[in-house]
Amino acid sequence: MDELHEQRQQRIKKLEYLRRAGVQPYGGRFEVKDRVSHLVQLHGQKSKEHLEQERISCTIAGRIVALRRFGKACFAVLQDGADRLQTYLKKDLLTEQASLIMDQLDLGDWIGVSGILFRTKTNELTIEVHRLTFLSKALRPLPEKWHGLTDVETRYRQRYVDLIANPHIHQIFVTRSRVIAAIRSFLVERGFLEVETPMMHPIPGGATAKPFVTHHNALNIDLYLRIAPELYLKRLIVGGFRRVFEINRNFRNEGISTIHNPEFTMLEFYVAYADYQDLIALTEEMLSSIAQAILGTSIINYQGTTIDLTPPWRRWSYRQALCEVNGLDPSILQNRAEVLAAAQRLKVPVDPQAPLFKIVNDLFEETVEPNLQQPTFITDYPIEISPLARRKDADPSLTERFELYIAGREIANAFSELNDPLDQRERFEQQAAQRNAGDEDAHRIDEDFLRALEFGMPPTAGEGIGIDRLIMLFTNQPSIRDVVLFPQLRPEKQS
RNA sequence: GAGCCGGUAGCUCAGUCGGUAGAGCAUCGCCCUUUUAAGGCGAGGGCCCUGGGUUCGAGUCCCAGCCGGCUCACCA
């Protein structure tokens, strides 16, 4: 007989036995009086004698993740969230029915216990159980106790098993939730209004990306899952909201990698009357204070690199960074032949036919980005690669824009917004021309957005932060799949 | 989309030169009232990812495919 089938049959037999004995194998409400984490925090340091004297009563519930039987007694380790506590079940101390339950317990079952805290001979904090309540029967066996579940495919497909077998995974998602909650309160405290804008767009906009298409039957129209909330949030600034933010999913129909999931969580926020310099200060304060609040430090380790989030962070202009890293004279950036020569000398493969700004940007990405391990604001991007950003008054070839890099990765992208409706229309039309020429990622003209801008948008600064990548950094995870509960995979073959 | 690596019991993994499918944990039976990878004795459990091919004989060699990981490309 198939082994899984056999273990499952065994457990169904035990379930039926419990039922015949009057024990509900899938019970109802149970009054949990204590959390394991709290008990350990309160009493984890107390000595054997101290505990004997205090006789602390407690009631916990959890899943059995280890079971060591000794004839008429057993040790069962219960897992409550990411925390574990040993319980000691002794038939002497239990009712007849509880003894019967004890004999039927399997790894994975849920039970509730009441008893007294004590320390065993080996000094382990343990509950001596006086009351045992069966809560829920597991029909499938848990992964092996020592190595746990390591097969990454199973970990992602059956995250529930991953969370059971690898409690530290639990902690990653707790941290994720806390970071997002902290971002929310940081922004709300500063007068931002949290809003929700459409996820289904008639015209996908606000980013350069391929959208997912879906269809609305009653309206008989195609809709696109949003690639960015940007254009809707700016409509709200036009409408008079001074500070808005949204934390929600974006969808991009592109490749999957350790830093790309088709749906990913994005924070975007917009501040009327502000410019990108204000956002530099805000970003520094937000990320360093959240690290301090959630991790208890602003110095973090990411994959072996120590990263110091203590402000202020380095400000480095795009051109200056490029020239300093590679020992180039800034004057050559305008000269195609010299840039190509530099690329060759630096062994960066570039397309000699490409526009100059593209070649310069390839050089930047190849040579500068990997060096940006410590938090760095790269500022003043060229106009050609910043179609939505406001020009700098002092140099119209540059924009009021920054990207924040940490650990060699782009974490945030922000700029003073373009609020000139006529300029925006021109840029849309240029994009549309590129689209007609075959660039399917180029922006489409959003007439309603242009209409909104024509009603007048105040000077505004806006920023986007990729939340998943931020969480990777804060939890020291190498892959985005490790910070998304259910990452996208090919569907499992049904057997 | 391309390259490299992997897929064997519920889990973690061995499997030599092509010659009867293995271990530990888990499961089942017996013993055991302070163990913690508990222990002792015994037992059961396999679509070796799928489909072809070579061969007297394939987990092993060859081809195609499926699924996953990593790297690269696009992107955040």
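Sequence lines set the chain letters: A, B, ... in the order given, protein chains first and strands last, and positions in each chain run from 1.
Seen from the ring of A:Y381, A:R401 counts as a face-on cation partner, given the 6.0 Å and 45° thresholds. Relative to the six-membered ring of A:Y232, A:R235 meets both conditions, a distance below 6.0 Å and an angle of at most 45° to the axis.
Classified by interplanar angle (parallel below 30°, tilted 30° to 60°, perpendicular above 60°), the ring pair A:F428/A:H443 is tilted.
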Between protein and nucleotides 1-3 of chain B, what N or O pairs are separated by less than 3.5 Å?
none

Each nucleotide N or O in nucleotides 23-30 of chain B that has a protein N or O under 3.5 Å away: list the pair and distance.
unit_1, atom_1, unit_2, atom_2, d
B:rC25, O3', A:K145, NZ, 3.2
B:rA26, OP1, A:K145, NZ, 3.0
B:rA26, N3, A:Q7, NE2, 3.3
B:rC28, OP1, A:K14, NZ, 2.6

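Taking the P atom of each, B:rC13 and B:rA9 are spaced 11 Å apart, rounded to whole Å. With P as the reference atom, B:rU8 and B:rU71 are 23 Å apart, rounded to whole Å.
Among the atoms of the strands shown, base atoms are found under 4.0 Å from some heavy atom of A:F118. Among the protein residues, A:G71 comes within range of the nucleic acid bases, having at least one heavy atom under 4.0 Å from a base atom. Among the heavy atoms of the strands, none lies under 4.0 Å from A:N413. Among the atoms of the strands shown, only primed sugar atoms or phosphate atoms (P, OP1, OP2) are found under 4.0 Å from some heavy atom of A:G148. As judged by a 4.0 angstrom heavy-atom cut-off over every strand, A:T258 is placed among residues touching the sugar-phosphate backbone only.
Minimum atom distance to the side chain of A:R481 is reached by B:rC70, of the listed B:rU34, B:rC70, B:rC74.
Environment of OH in A:Y17: sparse, with no more than 12 heavy atoms of neighbouring residues, nucleotides or ligands closer than 6.0 Å. Counting non-hydrogen atoms of other residues, nucleotides and ligands closer than 6.0 Å to CD of A:Q303 gives a total above 12.
With hydrogens and angles ignored, a donor-acceptor pair under 3.5 angstrom links the side chain of A:Q86 to the base of B:rU35. Remark: the A:T120 side chain and the B:rU35 base include a donor-acceptor N/O pair separated by less than 3.5 Å.
There is a side-chain donor-acceptor pair under 3.5 Å between A:Y276 and A:D380.
Listed by chain and residue number, A:L94, A:T95, A:L132 satisfy the side-chain contact (heavy atoms from CB on, under 4.5 Å) test with A:A98 (two or more places apart in sequence, or in another chain).
Counting only distance, with no hydrogens or angles, the side chain of A:Q373 and the backbone of A:P370 share a donor-acceptor pair below 3.5 Å.
When Watson-Crick and G-U wobble pairs are counted only if both distances are under 3.5 Å, B:rA26 pairs with no nucleotide at all. With both pairing distances under 3.5 Å, B:rA64 is matched to B:rU50 as a Watson-Crick or G-U wobble pair.
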